[in-house]
Amino acid sequence: MEQLDELELLMEKSFWEEAELPAERFQKKAVASFPRTVLSRGMDNRYLVLAVSTVQNKEGNCEKHLVITASQSLENKELCILRNDWCSVPVEPGDIIHLEGDCTSDTWIIDKDFGYLILYPDILISGTSIASSIRCMRRAVLSETFRVNNTLIRHSANVIGRFHEVFENFAQKMLCKTLLFKRIQEYYRHLKEMYRLNLSQDEIKQEVEDYLPSFCKWAGDFMHKNASTDFPQMQLSLPSDSSKDNSTCNIEVVKSMDIEESIWSPRFGLKGKIDVTVGVKIHRGCKTKYKIMPLELKTGKESNSIEHRSQVVLYTLLSQERRADPEAGLLLYLKTGQMYPVPANHLDKRELLKLRNQMAFSLFHRISKSATRQKTQLASLPQIIEEEKTCKYCSQMGNCALYSRAVEQQMDGSSVPIVMLPKIEEETQHLKQTHLEYFSLWCLMLTLESQSKDNKKNHQNIWLMPASEMEKSGSCIGHLIRTEHVKTICDGQYLHNFQRKHGAIPVTNLLAGDRVIVSGEERSLFALSRGYVKEINTTTVTCLLDRNLSVLPESILFRLDQEEKSCDIETPLGNLSKLMENTFVSKKLRDLIIDFREPQFTSYLSSVLPHDAKDTVACILKGLNKPQRQAMKKVLLSKDYTLVVGMPGTGKTTTICTLVPAPEQVEKGGVSNITEAKVIVFLTSIFIKAGCSPSDIGIIAPYRQQLKIINDLLAHSSIGMVEVNTVDKYQGRDKSIVLVSFVRSNKDGTVGELLKDWRRLNVAITRAKHKLILLGCVPSLNCYPPLEKLLNHLNSEKLISFLFCIWSHLINMEVFATYWVTFKENKTLFPLPFHTRAVSPLAPQVYPKL
């Protein structure tokens with residue numbers, strides 16, 4: 001907390017005292033609060049505020065004068081004058097600001113008609129959050145802190161996601177309605193995320209198709225007409241239009257430029273995803289203007305609300321990072337097909353950026369000190385509003401009341417609107433004082449952790465430092481060009497290859513598995529995509545990215561910046577919020593976690609296990625030692641939870657893995673085993689982290705559905721390029737490390753025809769040059785004699801290096817691994833970690849006839 005103390009000491013001083021402090025004190029404060037900020041002029045300028053004073057001008061109006069500098073030595077000072085409502089910006093000495101406008105004679109003037117001030121510009125806030133702050137700033141700040149896991153929100157997002165793809169095809173090809181329905185059917189294979197919403201494909205299909213008539217009507221109205229006068233007339237005046245121009249115009253949507261374009265704006269302190277970026281022609285009389293505009297899609301009720309329009313205005317600011325000012329955007333309601341043009345005038349942008357500054361101030365000042373300066377505590381949030389209707393339907397009502405009662409009402413001098421006290425009491429009456437204290441404590445701890453790690457993020461280096469400078473730290477590679485074709489791995493996963501335009505890849509700290517942010521070296525191409533490094537050598541970097549960059553010109557130079565792991569407090573804060581909810585499950589968890597109610601256990605196993613499970617349980621327990629069996633029994637008897645405690649190496653992991661079910665799944669697409677697939681991917685990641693090259697690892701499975709699942713898991717992980725294939729594809733080839741997933745795990749002993757082929761089994765177990773990992777269900781595999789011989793041999797030679805028994809509803813599974821060495825004259829096996837070659841080492845024992 002030393003840095004916070006230094007900052008607070010500065011805040012204690014009066015303005016005049018602070019103005020006289022030596023430059024070193026300002027530097028310390030800036031370092032404490034903004035350790036990675038580089039002061040600079042230019043388009044992405046960053047100024048340090050040295051002093052703040054409020055004065056009256058000649059007209060008797062208040063102005064706020066800021067003494068600022070863009071010099072690291074704090075020598076070259078400039079003046080920023082805030083007039084009109086800009087005086088309300090909560091800027092303080094030591095803050096970092098960005099200025100938009102003109103500077104004349106080292107003086108900036110920001111007033112109601114010209115210029116913007118952006119407070120803490122490196123805090124990027126989404127346009128959606130800022131728009132929601134119009135009615136309630138407190139709700140917006142809470143939404144940034146406690147993410148609501150709202151099914152309806154995700155449902156809406158997924159519906160829009162499907163329409164993005166439909167729109168792209170319609171915009172580019174003007175599909176007929178029948179073909180459009182057929183194209184939508186093709187998209188359903190990508191709707192895995194819908195299962196998380198507990199919705200069937202038929203329900204989602206109906207949901208999407210409900211929008212189609214109005215969507216098709218909209219497309220017919222605004223696209224692909226013969227004459228400009230055929231397009232609908234609308235009222236739209238652009239800021240650049242002459243006051244004499246008629247606002248009536250015909251709008252034509254020419255083409256779709258991008259879908260879900262993700263943009264970071266270090267100028268305006270904004271971030272967001274634009275639903276659709278479209279090329280638009282504005283026909284007014286005999287004149288036509290062409291603009292590239294943001295098109296915001298809404299699936300809900302048509303309201304043309306101030307929040308929706310504000311989102312569009314903010315997206316016009318985002319668009320300026322990539323292209324010329326669009327001056328307006330479009331708002332489309334998919335249920336009705338009604339579209340509204342939204343002009344982005346200076347007044348609207350000014351007021352929204354002022355809201356953004358207020359929000360940034362609240363997010364930055366989340367920690368304070370009590371009046372006695374004895375205790376670090378959470379800061380108050382923006383004031384609770386007194387609008388019953390707004391609060392009634394607010395998704396953050398529970399968190400708002402909880403924070404008020406647990407945090408704010410414990411402060412000296414706190415004030416809560418009297419009319420809201422009954423609502424706060426109603427929302428929190430189920431909580432004890434210990435529960436409120438628990439919430440306050442852990443919210444504070446998580447916030448402190450987040451602030452500590454936020455200071456170490458390097459996002460701002462992308463726009464504040466050139467790649468050549470960042471390369472010296474080893475966390476960046478610049479001057480890259482894209483080579484080869486981009487390969488689509490799966491929906492939203494694209495494999496890119498980059499090479500240095502001139503020379504080899506420089507010495508770098510980037511490794512396979514590292515997260516990266518891909519940007520263009522041009523000023524307008526910040527954070528084009530995010531993803532992982534899959535492979536890297538002296539000539540090529542292979543990355544798996546969330547955007548297909550092949551749509552950009554081949555001449556673009558790219559830079560890869562290592563994305564430092566952020567402090568994810570969204571999940572624990574979300575869990576903390578749910579723990580305080582007035583539900584049966586949350587109450588039980590509070591009893592156990594906060595009130596320390598002892599967990600309850602059933603007295604006898606017979607009351608929790610089926611009568612015919614005796615032999616199965618005995619088989620499971622046979623692979624465990626006495627303490628592990630005792631722990632297993634305790635878990636089976638538990639009504640609440642069981643803590644498995646032990647020194648390192650005592651078998652805690654083995655015991656826990658015993659409880660994980662791993663049955664096979666037989667689907668239309670084939671046979672698979674998701675648990676085996678996850679274990680395979682986990683083991684693969686361990687080998688890579690230990691230094692193995694992904695190209696030296698091979699994964700074998702007998703079923704194509706299992707291969708597909710493993711490939712999907714690999715694509716969404718940080719693992720490099722690992723070959724995943726059937727046994728037949730590995731015929732005549734080998735790998736240093738081979739992992740085999742047998743897949744089958746069932747209670748009737750069915751292993752399928754593929755596993756009965758002893759020739760395939762022989763190929764599978766002889767592909768490894770150094771290490772072989774076999775993963776499967778022992779009881780199921782023992783039903784087939786060759787596999788039974790293999791397992792018995794491994795067991796007799798003590799080559800099973802770890803044994804997990806997995807039990808669930810009469811299904812159990814064993815994971816076994818072998819570490820062998822051959823290249824000995826007697827062809828025997830040795831339980832050593834490495835060996836030189838595997839030449840059918842099990843053949844003499846398992847297949848005597850060979």
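- In the model, Q235 has no side-chain atom that pairs as donor or acceptor with a side-chain atom of Y340 under 3.5 Å.
- Annotation: side chain of I134 is in contact with side chain of S310 (closest heavy-atom distance under 4.5 Å).
- Rounding to the nearest 0.5 Å places SG of C400 at 6.0 Å from CG of L142.
- Donor-acceptor pairing under 3.5 Å is recorded for the side chains of Y47 and E78.
- Side-chain contact check for M470 versus R559: some heavy-atom pair is nearer than 4.5 Å.
- Residues that satisfy the salt bridge (Lys or Arg N to Asp or Glu O under 4.0 Å) test with E351, not counting sequence neighbours, are K354.
- With sequence neighbours excluded, no residue forms a side chain to side chain donor-acceptor pair (under 3.5 Å) with N250.
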Going by atom type alone, with no hydrogens or angles, which donor-acceptor pairs under 3.5 Å involve a side-chain atom of residues 110-119 and a protein atom two or more places apart or on another chain?
| residue | atom | partner | partner atom | Å |
| --- | --- | --- | --- | --- |
| D111 | OD1 | D113 | N | 2.9 |
| D111 | OD1 | F114 | N | 2.8 |
| Y116 | OH | H346 | ND1 | 3.0 |

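- Take F361 and apply the ring-ring contact (aromatic ring centres under 6.0 Å, His included) test, not counting sequence neighbours, and it matches H365.
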List the steps and the verdict of side chain to side chain contact (heavy atoms under 4.5 Å, CB included) for S404 and I384.
CA-CA 9 Å; S404 174; I384 297 175; 4.0 Å; yes
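- Neither side chain, S228 nor E252, offers a donor N or O lying under 3.5 Å from an acceptor on the other.
- The existence of a salt bridge linking K349 and D325 is confirmed by a sub-4.0 Å separation between a basic side-chain nitrogen and an acidic carboxylate oxygen.
- Partners of D546 by side chain to side chain donor-acceptor pair (under 3.5 Å), not counting sequence neighbours, listed by chain and number: S529.
- In this structure, a donor-acceptor pair under 3.5 Å is absent between the side chains of N246 and R284.
- The stretch residues 313-323 participates, sequence neighbours left out, in these salt bridge (Lys or Arg N to Asp or Glu O under 4.0 Å) pairs: E261-R322, E261-R323, E321-R523.
- Every residue two or more places apart in sequence or in another chain was checked for a ring-ring contact (aromatic ring centres under 6.0 Å, His included) with H283, and none qualifies.
- The one candidate from E63, H65, R83 that meets the side-chain hydrogen bond (donor to acceptor under 3.5 Å, both in side chains) condition with N57 is E63.
- Checking D95, T69, I97 one by one against L48, the side chain to side chain contact (heavy atoms under 4.5 Å, CB included) holds for a single residue, T69.
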Between Q311 and T128, is a side-chain hydrogen bond (donor to acceptor under 3.5 Å, both in side chains) present by the stated rule, with each step listed?
CA-CA 6 Å; Q311 260 187 279; T128 305; 3.2 Å; yes
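- Annotation: salt bridge (Lys or Arg N to Asp or Glu O under 4.0 Å) contacts of E307 (sequence neighbours excluded): R135.
- In this structure a side-chain-to-backbone donor-acceptor pair under 3.5 Å is present from R138 to P382.
- A donor-acceptor contact shorter than 3.5 Å is absent between the side chain of N84 and the backbone of W86.
- Residues K298 and Q338 bring no donor and acceptor atom of their side chains to less than 3.5 Å of each other.
- Here the straight-line distance linking atom CD1 of I259 with atom CG of D275 works out to 9.0 Å at 0.5 Å rounding.
- Judged as a side chain to side chain donor-acceptor pair (under 3.5 Å), and not counting sequence neighbours, R139 has no contacts.
- With sequence neighbours excluded, no residue forms a salt bridge (Lys or Arg N to Asp or Glu O under 4.0 Å) with K281.
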Candidate pair W463 and D122, rule side-chain hydrogen bond (donor to acceptor under 3.5 Å, both in side chains), full reasoning:
CA-CA 10 Å; W463 51 80; D122 297 316; 2.9 Å; yes
Check the pair S577 / N399 against side-chain hydrogen bond (donor to acceptor under 3.5 Å, both in side chains), numbers first and verdict last.
CA-CA 7 Å; S577 172; N399 290 324; 2.5 Å; yes
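- Partners of S129 according to the side chain to side chain donor-acceptor pair (under 3.5 Å) rule, which considers only residues two or more places apart in sequence or in another chain, are S126, E144.
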Passes salt bridge (charged side-chain N to carboxylate O under 4.0 Å, His left out), E302 versus K335? Steps please.
CA-CA 8 Å; E302 179 189 332; K335 276 190 175 180; over 6 Å; no
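- Residues passing the ring-ring contact (aromatic ring centres under 6.0 Å, His included) test with F268: none are found, sequence neighbours excluded.
- Using modelled atom types, one finds a donor on one side chain and an acceptor on the other under 3.5 Å when comparing H308 with Y333.
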